[in-house]
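Values below: all heavy atoms of this structure, side chains included; hydrogens, waters and symmetry mates excluded. Sequential numbering from 1 along the given sequence is applied to the chain's residues. Note that the coordinates shown come from a computational prediction; the quantities given were computed from them, not determined experimentally.
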Amino acid sequence: MFTGIVESMAKLVEIREVGTNKTFYFDSPLLPHLHVNQSLSHNGVCLTITDIRDALYSVTAVRETLIKSNLGSLKSGDYVNLERSMTSEYRFDGHIVQGHVDQTGVCTGVEPQDGSWLFDFSYDFNSTGNILVEKGSICVNGVSLTAFNCSQGGFRVTIIPYTWDNTNFRFIRKGDRVNLEFDVIGKYVQKMFLQAYQDHIKNKLN
């Protein structure tokens, strides 16, 4: 479980392919605090550290993860956002993030403001049914953000200078693919309403 508050970035140094899986080797300032078998969010994807050696750590992503996230398109030199799993010792600063990417979205625009940046994203609503509410929470590349200008298949977020300087948002350009995890509470509510509607229809037919 995560909060969407990015701790650091990691630089991808090497990729090794074994069958349909990819093992990624990263360099990160967090390395002294990491250990094998630890859960670590990479651009919002929860992965398990499999090895630490030669000042690098490695994680492996299976085919399903590579298809449903932007990890499959990573190349050496790219940066990912990192967050260690949450603890009960600190304040809950973001929102509940599971590290399970629902789908990818596409950056449709970046607009510099006076001291901040506006990012617009689109996503395929028709194939997933994932929803956003105005001023609701959304996790983009592992970053907890507040969405606005929400529509069926689009939303906007504001990036402040701190987030720009400390995450890979500063590398995102129009047309780039990002990982999206929608608010888990909203997903449960949506499922309950859908189930109630289906039960209502079933009862009417009976």
*Working for side-chain contact (heavy atoms from CB on, under 4.5 Å), residues Leu71 and Thr65*: CA-CA 8 Å; Leu71 298 187; Thr65 301; 4.1 Å; yes
*With rounding to the nearest 0.5 Å, note down the distance linking SG in Cys107 to CZ in Arg173.*
9.0 Å
_Listed once per pair and sorted, the side chain to side chain donor-acceptor pair (under 3.5 Å) pairs that draw on residues 46-59, sequence neighbours left out_ = His42-Tyr57, Thr50-Ser58, Asp51-Arg53
*Should Val110 and Ile138 be regarded as members of a common hydrophobic cluster, given that ILVMFWY residues are connected when their side-chain heavy atoms come within less than 4.5 Å of each other, either directly or indirectly?*
yes
*Report the residues that fulfil side chain to side chain donor-acceptor pair (under 3.5 Å) with Thr158, sequence neighbours left out, ordered by chain and then residue number.*
none
*Contacts of Ser144 that satisfy side chain to side chain donor-acceptor pair (under 3.5 Å) - sequence neighbours left out*: His95
_Pairs involving residues 4-13, ordered by first then second residue, that meet side chain to side chain donor-acceptor pair (under 3.5 Å) (sequence neighbours left out)_ = Glu7-Arg84
*Indicate, with yes or no, if Tyr123 and Ile172 share a hydrophobic cluster defined by side-chain heavy-atom contacts under 4.5 Å among Ile, Leu, Val, Met, Phe, Trp and Tyr.*
yes
*Leu82 versus Ser28: any side-chain heavy-atom pair under 4.5 Å?*
yes
_So, using salt bridge (Lys or Arg N to Asp or Glu O under 4.0 Å) as the criterion, who are the partners of Lys135 when residues are at least two apart?_
none
*Within a strict 4.5 Å, meaning less than it, do heavy atoms of the Arg63 and Lys68 side chains meet?*
no
*Inter-residue atom distance Ser41.OG - His100.NE2, 0.5 Å rounding*: 10.0 Å
*Out of curiosity, Ile131 CD1 to Phe182 CZ, how far, rounded to the nearest 0.5 Å?*
9.5 Å
*Which pairs pass salt bridge (charged side-chain N to carboxylate O under 4.0 Å, His left out) with one or both residues in residues 107-116, sequence neighbours excluded?*
Glu111-Arg156
*Out of Asn81, Thr167, Asn70, which residue meets the side chain to side chain donor-acceptor pair (under 3.5 Å) rule with Asn141?*
Asn70
*Between Ile49 and Ile15, is there a shared hydrophobic cluster once you connect ILVMFWY residues whose side-chain heavy atoms come closer than 4.5 Å?*
yes
*Is there a donor-acceptor pair under 3.5 Å between the side chain of Asn179 and the backbone N or O of Asn43?*
yes
*Search all heavy atoms of Phe26 against all heavy atoms of Ala10 and return the closest pair with its distance.*
CD2-CB, 3.8 Å
Result block: side-chain N/O donor-acceptor pairs under 3.5 angstrom for residues 31-40, not counting sequence neighbours:
unit_1 : atom_1 : unit_2 : atom_2 : d
Gln38  : OE1    : His35  : N      : 2.9

*salt bridge (charged side-chain N to carboxylate O under 4.0 Å, His left out) contacts touching residues 16-34 (sequence neighbours left out)*: Glu14-Arg16
_Checking Gln98 against Cys46 for the side-chain contact (heavy atoms from CB on, under 4.5 Å) test, could you report, in this order, the C-alpha distance in whole Å, the side-chain angles of both residues, the deciding distance, and whether it holds?_
CA-CA 8 Å; Gln98 295 181 293; Cys46 179; over 6 Å; no
_Thr108 side chain near Phe121 side chain, heavy-atom distance below 4.5 Å_ = no
*Phe125 side chain near Gln152 side chain, heavy-atom distance below 4.5 Å*: yes
*Quick one: CG on Asp102 to SG on Cys139, what's the gap to the nearest 0.5 Å?*
9.5 Å
*Salt bridge between Lys75 and Asp78, side-chain N to carboxylate O under 4.0 Å?*
yes
*Would a 4.5 Å heavy-atom cut-off, applied to side chains only, mark Ile96 and Asp183 as touching?*
no
*Are side-chain heavy atoms of Met9 and Phe171 found at a separation under 4.5 Å?*
yes
*List in chain and number order the residues that pass side chain to side chain contact (heavy atoms under 4.5 Å, CB included) with Val106, two or more places apart in sequence or in another chain; answer none if no residue qualifies.*
Ser122
*asked:* Could you work out, with side chain to side chain donor-acceptor pair (under 3.5 Å) as the rule, every residue matching Thr23, not counting sequence neighbours?
replied: Thr60
*asked:* Donor-acceptor pair, distance only, cut-off 3.5 Å: does the side chain of Glu134 make one with the backbone of Cys150?
replied: yes
*Yes or no on ring-ring contact (aromatic ring centres under 6.0 Å, His included) for Phe169 and Phe119, after CA distance, side-chain angles and deciding distance?*
CA-CA 9 Å; Phe169 259 88; Phe119 280 77; 5.0 Å; yes
*State which residue, out of Thr3, Val6, Val97, Val143, fulfils the side-chain contact (heavy atoms from CB on, under 4.5 Å) condition with Glu83.*
Thr3
_Once salt bridge (charged side-chain N to carboxylate O under 4.0 Å, His left out) is applied, what residue pairs with a partner in residues 122-133 remain, sequence neighbours excluded?_
none
*Which pair of non-hydrogen atoms, one from Phe155 and one from Leu180, has the smallest distance, and what is that distance?*
CZ-CD2, 3.9 Å
*asked:* Using the salt bridge (Lys or Arg N to Asp or Glu O under 4.0 Å) criterion, which residues pair with Lys174? Sequence neighbours excluded.
replied: none
*asked:* I'd like to know if Val178 and Leu132 are part of one continuous hydrophobic network [Ile/Leu/Val/Met/Phe/Trp/Tyr, side-chain heavy atoms within less than 4.5 Å].
replied: yes
*Shared ILVMFWY cluster between Leu30 and Phe24, side chains joined below 4.5 angstrom?*
yes
*Heavy-atom closest pair, residues Asn168 and Tyr79*: ND2-O, 3.0 Å
*State, yes or no, whether a side-chain contact exists between Met1 and Ser85 at a heavy-atom distance under 4.5 Å.*
no
*asked:* Restricting to non-hydrogen atoms, name the atom on Arg170 and the atom on Asn166 that form the minimum distance, rounded to 0.1 Å.
replied: NH1-N, 4.0 Å
*Can any side-chain N or O of Asp165 pair as donor or acceptor with the backbone N or O of Tyr162 at less than 3.5 Å?*
no
